[in-house]
Amino acid sequence: MRFALVDCNNFFVSCERVFNPKLIGKPVVVLSSNDACVIARSNEAKALGIAMGAPAFECEQIFKKHNVIVYSSNFALYGDMSARVMQVLSQYATDIEIYSVDEAFLFLPKQQNYTQYIQYIRKQVKQKTGIPVSIGIGLTKTLAKVANKFAKKSADGVFDLTAFENNDQFLEQIEIQDVWGIGYRYAKLLKSKKIFNAKNFKYMDERWVRKNMTINGLRTLQELNGISCISLNNAPATKKSITVSRSFGKNVTNINELKEAVSTYANIACEKLRAQKSIASNISIFVCFRNYQDNDRYYKFLNYTLPIASNYTPDFIKAATGCVEKIFRQGIIYKKAGIIINDLIPHDFIQMHTSHALADIEKQNKISNIFDKINKKWGRDSVSYASAGIDKLWKVKRLKKSDCYTTSWSEILTIRI
DNA sequence: TCTGGGGTCCTAGGACCC
DNA sequence: TCTGGGGTCCTAGGACCC
């Protein structure tokens with residue numbers, strides 16, 4: 001059994017480069033929403049010392065000095081490119097888990113020569129999508145992750161950890177906080193026990209790990225020892241909660257703008273809810289704000305339960321704007337708001353005892369279907385709710401976004417000969 | 001001035017039941 | 001002062017991932 005981990009190199013930057021080859025060889029970064037901080041860097045940008053997550057305003061100097069090309073994030077483009085990469089990968093695996101927008105675990109079919117096989121997959125992805133990937137192979141998902149780190153550094157972008165009888169020499173090079181499943185907190189704890197790398201951890205006492213790092217820590221330890229405990233999760237993810245939140249593009253002090261924002265987020269969240277055929281009755285809204293008198297940050301949170309589980313946008317808009325009325329305080333500068341929908345259940349669980357309302361629910365479903373169809377065909381917000389606002393002056397800034405080359409007819413790439 | 005957005009899982013402890 | 005034994009469910013908080 002072989003697990004492979006495929007990781008797209010500098011994914012967001014690579015997506016931009018596919019449609020703008022002039023960017024190749026130059027330092028390029030992509031910023032988070034609101035153009036706030038750096039979330040993707042080309043190798044050239046990394047070499048300049050630009051850190052992941054660095055605030056954009058702090059990098060201004062470096063950007064200018066080295067002619068760094070800066071993009072706002074274009075998630076429609078990245079999402080579509082991701083789907084293309086995954087589609088190609090699935091042709092060469094017996095099973096695939098799409099782990100994130102730029103990563104996938106594969107079960108590989110039995111091979112004589114695994115290195116050759118993953119080199120071939122890599123070539124296919126590059127040829128069919130333009131995206132460069134790195135591929136690592138291991139006996140477990142955790143080891144495939146380790147292998148991928150070496151693949152990233154290797155000249156041909158692939159690495160097979162199972163080609164070695166003993167992999168300790170490689171595990172020794174992986175710092176403890178870089179092991180999949182061990183984050184900042186556990187790394188700190190482990191270092192205090194003189195555990196500095198993956199090899200040290202591999203030989204730790206299982207009882208101690210179970211006691212201090214929960215069952216998850218124990219799984220990680222066993223996976224490093226080649227015992228597969230974390231299986232491939234290929235089920236289409238049915239989410240258990242949906243969050244939509246954004247920072248504002250300007251200071252928001254007015255209740256109507258805050259209501260517009262949460263209405264907009266409720267609209268997006270309900271689209272997602274319906275897309276996965278779920279309903280829910282529990283909604284929370286939160287706002288982040290700043291009191292200009294003491295220059296402190298705050299976070300306010302309010303939970304609300306709908307009388308009946310639903311996926312009908314107006315139900316959620318009503319609930320969300322109701323929460324805003326309770327939370328809002330005059331004279332406060334709001335920076336960000338969001339809505340979280342919890343306790344999702346399949347939509348056919350709709351309570352039968354509410355039979356008197358079934359006719360209403362059917363009517364609502366029809367309206368939702370039409371909404372979703374129109375927006376799918378013509379783009380998000382082609383039809384929307386008035387409460388979500390028209391001008392949306394509070395919307396996030398994305399000043400340097402590239403076009404949606406693959407998902408919008410009006411922005412398709414034009415070539416002049 | 002300006003620091004993202006979206007998820008999952010595990011555990012301890014409290015509330016409550018007989 | 002002493003104060004059973006066994007169980008379930010829920011929640012907050014903490015850990016992790018990209």
Side-chain angles (χ1 to χ4, degrees), chain A residues 5-12 29-40 50-61 63 70-75 78-79 82 86 97-105 141-142 145 148 176-190 209-220 223 229-231 233 235 237-251 261 265 268-269 272-273 276 282 284 286 288 290 292 295 297 299 301 303 305 333 335-344 395-399 401:
Chain A
L5 176 69
V6 184
D7 187 310
C8 300
N9 300 345
N10 313 330
F11 183 52
F12 298 167
V29 299
V30 175
L31 304 180
S32 65
S33 77
N34 240 0
D35 295 342
C37 46
V38 175
I39 54 169
I50 299 168
M52 184 70 174
F57 73 94
E58 277 179 12
C59 301
E60 280 304 320
Q61 296 274 328
F63 289 170
V70 180
Y71 278 95
S72 302
S73 39
N74 182 347
F75 290 112
Y78 311 150
S82 170
M86 301 306 171
E97 172 186 346
I98 297 169
Y99 182 64
S100 74
V101 70
D102 69 335
E103 270 180 66
F105 285 102
K141 286 168 93 173
T142 306
K145 273 272 193 185
N148 193 276
I176 192 67
Q177 67 269 18
D178 293 334
V179 174
W180 189 48
I182 296 180
Y184 168 78
R185 295 276 167 175
Y186 285 151
K188 212 169 143 185
L189 172 69
L190 289 168
V209 172
R210 174 67 183 85
K211 185 158 171 261
N212 293 281
M213 299 173 65
T214 82
I215 187 76
N216 290 326
L218 183 59
R219 286 196 185 118
T220 299
E223 286 243 322
C229 311
I230 306 172
S231 54
N233 178 9
T238 309
K239 292 192 172 57
K240 293 169 183 168
S241 71
I242 291 173
T243 304
V244 178
S245 73
R246 305 274 189 279
S247 298
F248 299 130
K250 69 174 194 89
N251 289 338
Y265 306 157
I268 297 170
K272 293 185 181 181
L273 197 57
Q276 69 161 38
N282 190 286
S284 298
F286 63 88
C288 301
R290 204 176 62 172
Y292 56 80
N295 204 27
R297 283 162 203 287
Y299 180 82
F301 189 91
N303 188 278
T305 302
I333 296 174
K335 292 289 181 187
K336 174 181 176 177
I339 127 169
I340 304 169
I341 300 181
N342 277 309
D343 300 342
L344 274 58
K395 250 184 117 168
V396 293
K397 282 184 290 189
R398 288 202 292 178
L399 297 178
K401 188 177 78 65

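To find a chain, count down the sequence lines: A is the first, B the second, and so on, and within it residues start at 1.
- Going from atom CG of A/Asn233 over to atom P of C/dC17 covers 17 Å, rounded to whole Å.
- Distance, A/Arg185 CZ to C/dG13 C1': 12 Å, rounded to whole Å.
- Scanning both residues, A/Ser231 and A/Glu97, for their nearest heavy atoms gives O-OE1, 4.1 Å.
- Here B/dC10 is the nucleotide among B/dC10, B/dT3, C/dA15 with the atom lying nearest to any side-chain atom of A/Arg219.
- Looking at heavy-atom distances under 4.0 Å, A/Ile182 makes contact with sugar-phosphate atoms alone, never a base.
- Residue contacts shown for A/Val38 are absent, as no nucleic acid heavy atom lies under 4.0 Å away.
- Between A/Arg219 and A/Thr142 the shortest side-chain heavy-atom distance does not fall below 4.5 Å.
- Contact annotation: the side chain of A/Glu103 never approaches that of A/Val6 to less than 4.5 Å [non-hydrogen atoms, C-beta and beyond].
- In this structure, A/Ile242 places its CD1 atom 17 Å from P of B/dG5, rounding to the nearest Å.
- Judged purely by atom type and a 3.5 angstrom limit, A/Asn34 uses its side chain to pair as donor or acceptor with the backbone of A/Phe248.
- Note on A/Ser245: a side-chain N or O is less than 4.0 Å away from OP1 or OP2 of B/dG6.
- Within the nucleic acid shown, A/Lys250 has no heavy atom closer than 4.0 Å to any nucleic acid atom.
- At least one donor-acceptor pair under 3.5 Å links the side chain of A/Ser32 to the backbone N or O of A/Cys37.
- Atom CD in A/Glu60 sits roughly 12 Å away from atom C1' in B/dT1 (whole-Å rounding).
- Closest approach to the A/Lys239 side chain among B/dG4, B/dT8, C/dC18 is made by B/dT8 (side chain taken as heavy atoms from C-beta onward).
- Counting any heavy atom pair closer than 4.0 Å across all strands shown, A/Glu103 reaches sugar-phosphate atoms only and no base atom.
- For DNA chain C, if you chain together Watson-Crick or G-U pairs that step i with j, i+1 with j-1 and so on, the runs of at least three with distances under 3.5 Å are B:5-18 with C:5-18.
- Side chain of A/Lys272, nearest nucleotide from C/dC16, B/dG7, B/dT3: B/dG7.
- Applying the 4.0 Å criterion to OP1 and OP2 of B/dT3, one finds that A/Ser247 has every side-chain N and O outside that range.
- Of the candidates C/dA15, B/dG5, B/dT3, B/dT3 carries the atom nearest the A/Phe57 side chain, counting heavy atoms from C-beta on.
- Checking side-chain atoms of A/Asp7 against main-chain N and O of A/Asn148 turns up no donor-acceptor pair under 3.5 Å.
- Both A/Arg210 and A/Ala36 lie near DNA chain B, and the one whose nearest nucleotide falls closer to the 5' end is A/Ala36.
- If you check B/dC10, B/dG7, C/dC18 against the side chain of A/Asp102, the one that comes closest is C/dC18.
- A close approach under 4.0 Å does occur between a side-chain nitrogen or oxygen of A/Thr243 and OP1 or OP2 of B/dG7.
- One C1' atom belongs to B/dG4, the other to C/dC17, and the distance between them is 15 Å to the nearest Å.
- Looking at the side chain of A/Lys240, the nearest of the listed nucleotides B/dC9, B/dC2, C/dC18 is B/dC9.
- One interatomic measurement links the two molecules: CG of A/Asn342 to C1' of C/dC10, which rounds to 13 Å at whole-angstrom precision.
- For the pair A/Ile98 CD1 and B/dG7 P, the interatomic distance rounds to 16 Å; values are reported in whole Å.
- Candidate nucleotides B/dT11, C/dC18, B/dT3 were compared by shortest atom distance to the side chain of A/Ile215, and B/dT11 ranks first.
- Contact annotation for A/Val244: backbone-only contact, meaning every heavy-atom pair under 4.0 Å involves sugar-phosphate atoms and none involves a base.
- Side-chain N/O atoms of A/Ser33 include one lying less than 4.0 angstrom from OP1 or OP2 on B/dG5.
- One interatomic measurement links the two molecules: CG of A/Asn216 to P of C/dC17, which rounds to 10 Å at whole-angstrom precision.
- Counting any heavy atom pair closer than 4.0 Å across all strands shown, A/Ser241 reaches sugar-phosphate atoms only and no base atom.
- Residue contacts shown for A/Asn34 are absent, as no nucleic acid heavy atom lies under 4.0 Å away.
- Considering only side-chain atoms of A/Lys145, the nucleotide from C/dC18, C/dC16, B/dT3 that sits closest is C/dC18.
- Residues A/Phe75 and A/Arg398 share a closest heavy-atom pair of N-NH1, 4.1 Å.
- No donor-acceptor distance shorter than 3.5 angstrom exists from the side chain of A/Ser241 to the backbone of A/Ile341, with no hydrogens or angles considered.
- Atom pair A/Glu97:CD and B/dT8:P shows a separation of 13 Å (rounding to whole Å applied).
- Across every non-hydrogen atom of A/Ser247 and A/Val396, the tightest pair is O-CG1, 2.9 Å.
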